[in-house]
Student: 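Let me begin by handing over the structure; questions about it come next.
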Protein chains: 2
Amino acid sequence: MRADAKKNYAHLLATAGEVIKEHGVEASLRDIARKADVGLATLYRHFPTREALLEALLRKTLDELTREAAKLEQTEPPQQALLLWINDAVRFVRSYNGAVAVMSAALDDVNSALHASCSNLRSAGARLLENAQTAGVARPDISGLDLFAIIGALGWIGDQPSFGSRAEHLFGIIAGSLLTVGSDDSIKLQPRRPNAPQNSN
Amino acid sequence: MRADAKKNYAHLLATAGEVIKEHGVEASLRDIARKADVGLATLYRHFPTREALLEALLRKTLDELTREAAKLEQTEPPQQALLLWINDAVRFVRSYNGAVAVMSAALDDVNSALHASCSNLRSAGARLLENAQTAGVARPDISGLDLFAIIGALGWIGDQPSFGSRAEHLFGIIAGSLLTVGSDDSIKLQPRRPNAPQNSN
DNA sequence: ACCTGAACACCGTTCAAGT
DNA sequence: ACCTGAACACCGTTCAAGT
């Protein structure tokens with residue numbers, strides 16, 4: 001990669017992060033190119049589709065979240081590991097408005113640039129869920145896809161301005177519904193825990 | 001209203017119903033005008049904003065759903081009334097892709113054409129919820145807004161193609177989480193019940 | 001009173017022409 | 001190898017001009 005290309009790529013990505021953080025994943029690509037002082041066609045050269053751009057933006061954090069599941073599996077008891085991970089996943093999913101819809105679409109579309117990362121994420125969550133189920137602390141009738149959907153739904157709630165104030169409360173209720181009855185004592189959406197994956201773009 | 005205006009209005013609304021059913025609430029207004037064989041400015045004359053068009057499209061059913069809550073309150077025991085109503089609300093919310101986001105935004109925006117209908121809907125649900133709480137069959141820490149958010153989240157799940165297959169199952173889990181522990185025995189998303197409000201546009 | 005084509009300012013996507 | 005302006009086909013919104 002030529003030096004100027006490298007520079008454009010990095011600057012484009014940084015600008016995209018800002019614009020998308022402000023206007024959501026459907027932000028104008030023209031706007032991003034403009035703010036990055038780069039021809040619109042240059043953006044397309046580096047990121048042929050919007051998904052490719054999002055992939056470049058999200059992959060790092062997405063993969064961190066996947067690895068974090070493995071770590072929690074070893075350091076925390078099954079229920080705690082599951083809840084802490086859901087907490088971080090929801091927190092991540094909220095970092096870009098509308099990201100959650102793109103991610104759930106990517107799950108279904110093998111050709112999406114985001115497919116692999118999202119699919120891995122689902123597997124990582126599924127593993128924590130299975131551990132919790134084996135330990136008898138999570139409902140046995142829930143699949144990894146269900147877990148992903150619930151994380152998505154919680155992210156969606158957080159995206160709606162009218163529900164924002166209730167998001168934490170609803171997190172507790174809905175995340176609690178995954179657990180076996182009796183094992184839920186006041187689940188709260190936690191402040192960002194140290195070492196939890198976060199977007200730094 | 002002149003005869004030709006009346007005819008255009010009705011035809012526009014019918015066409016909008018079809019197009020929006022196919023392409024979701026963000027469907028192209030130009031497309032709707034085109035398919036209705038009417039100038040684009042005519043659509044704007046009858047429906048000055050997209051919200052106004054949606055309001056015309058949804059209000060009838062929305063109000064029916066509100067009235068249905070009152071009926072269920074009198075004919076069913078509190079828990080049954082609540083669950084049946086949530087069932088119908090989720091079913092309605094899924095009738096147009098993306099409607100749920102518009103409705104939740106309308107809740108917050110007093111100037112939205114949909115504000116009144118959505119606000120009434122929330123109150124109607126809140127009443128069923130309160131009855132269930134008083135009877136001790138629903139969690140006491142849930143508000144009418146929470147209920148609305150949960151209905152929205154379930155609608156959102158149904159809107160995502162990747163989760164469509166799990167929507168019914170997740171309905172049972174999440175709706176169940178509103179109930180007090182012990183009172184949930186296998187809640188299922190029901191087929192459309194006779195007399196439940198539905199879109200006929 | 002109502003309808004409409006056209007204009008304006010946007011958008012995503014593609015491509016020939018430049019260095 | 002890489003960048004870019006311009007073109008194309010869309011979109012929402014507004015308005016002067018028609019009947």
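Remember, it's a predicted structure, so these values are computed and weren't measured experimentally. Heavy-atom basis, side chains included; hydrogens, waters and symmetry copies ignored. Below, read A as the first sequence line, B as the second, and so on, with proteins coming before strands; counting in each chain starts at 1.
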Student: Do the side-chain N or O atoms of A/N8 get closer than 4.0 angstrom to the phosphate oxygens (OP1, OP2) of D/dC2?
Tutor: no
Student: Suppose we screen for salt bridge (Lys or Arg N to Asp or Glu O under 4.0 Å). Which residues come up paired with B/R30, at least two apart in sequence or across chains?
Tutor: none
Student: Taking side-chain hydrogen bond (donor to acceptor under 3.5 Å, both in side chains) as the test, write out the residues that go with A/Q133, two or more places apart.
Tutor: none
Student: Scan the side chains in residues 150-163 of chain A for donor-acceptor partners under 3.5 Å anywhere in the protein, sequence neighbours excluded, and list what turns up.
Tutor:
residue : atom : partner : partner atom : Å
A/D159  : OD2  : A/G98   : N            : 3.1
A/Q160  : OE1  : B/S104  : OG           : 3.1
A/Q160  : NE2  : A/W156  : O            : 3.4
A/S162  : OG   : B/S104  : O            : 2.6

Student: Counting only side-chain N and O atoms of B/S28, is one of them less than 4.0 Å from OP1 or OP2 of D/dG12?
Tutor: yes
Student: Could I get the full list of side-chain hydrogen bond (donor to acceptor under 3.5 Å, both in side chains) partners for B/D141, not counting sequence neighbours?
Tutor: B/R139
Student: Return the set of residues passing side-chain hydrogen bond (donor to acceptor under 3.5 Å, both in side chains) with A/D4 (not counting sequence neighbours), or none when no residue passes.
Tutor: A/R2
Student: Nearest-Å distance, NE2 (A/H11) to P (D/dC3)?
Tutor: 13 Å
Student: Kindly write out the residues that satisfy side-chain contact (heavy atoms from CB on, under 4.5 Å) with B/A33, not counting sequence neighbours, or none if the list is empty.
Tutor: B/L40, B/L43
Student: Output every pair passing salt bridge (charged side-chain N to carboxylate O under 4.0 Å, His left out) with a member in residues 32-46 of chain B, not counting sequence neighbours, ordered by first then second residue.
Tutor: B/D31-B/R34, B/D31-B/K35
Student: Answer with base, sugar-phosphate or nothing: what part of the nucleic acid does B/A3 contact at a heavy-atom distance below 4.0 Å?
Tutor: nothing
Student: I need the CG-C1' distance between B/L53 and D/dG12, as an integer number of Å.
Tutor: 14 Å
Student: Both atom distances under 3.5 Å, Watson-Crick or G-U wobble: I'd like the secondary structure of DNA chain C as a dot-bracket string, with | for pairs made across strands.
Tutor: ||.|||||...|||||.||
Student: Without decimals, in angstroms, what is the distance between A/Y9 OH and D/dA1 P?
Tutor: 18 Å
Student: Tell me, which of residues 34-49 of chain A have any heavy atom that sits under 4.0 Å from an atom in DNA chain D?
Tutor: A/V38, A/G39, A/A41, A/T42, A/R45, A/H46
Student: Measure the CG-CD distance between A/L128 and A/Q80 for me, rounded to the nearest 0.5 Å.
Tutor: 12.0 Å
Student: Any base atoms under 4.0 Å from B/D31, or only sugar-phosphate, or nothing? Heavy atoms, all strands.
Tutor: nothing
Student: To the nearest Å, how far apart are A/E26 CD and C/dG12 P?
Tutor: 9 Å
Student: If you look only at pairs with a residue in residues 114-129 of chain A, which of them pass as a salt bridge (charged side-chain N to carboxylate O under 4.0 Å, His left out), with sequence neighbours excluded?
Tutor: A/E73-A/R127
Student: Enumerate the protein-to-nucleotides 17-19 of chain C contacts in which both atoms are nitrogen or oxygen and the separation is below 3.5 Å.
Tutor:
none

Student: Excluding sequence neighbours, so at least two apart, what forms salt bridge (Lys or Arg N to Asp or Glu O under 4.0 Å) with B/E55?
Tutor: B/R59
Student: Return the 5'-most residue of the pair B/R30, A/L29 with respect to DNA chain C, ranking by each residue's nearest nucleotide.
Tutor: B/R30
Student: Report yes or no: do B/H169 and A/D146 form a side-chain donor-acceptor pair below 3.5 Å?
Tutor: yes
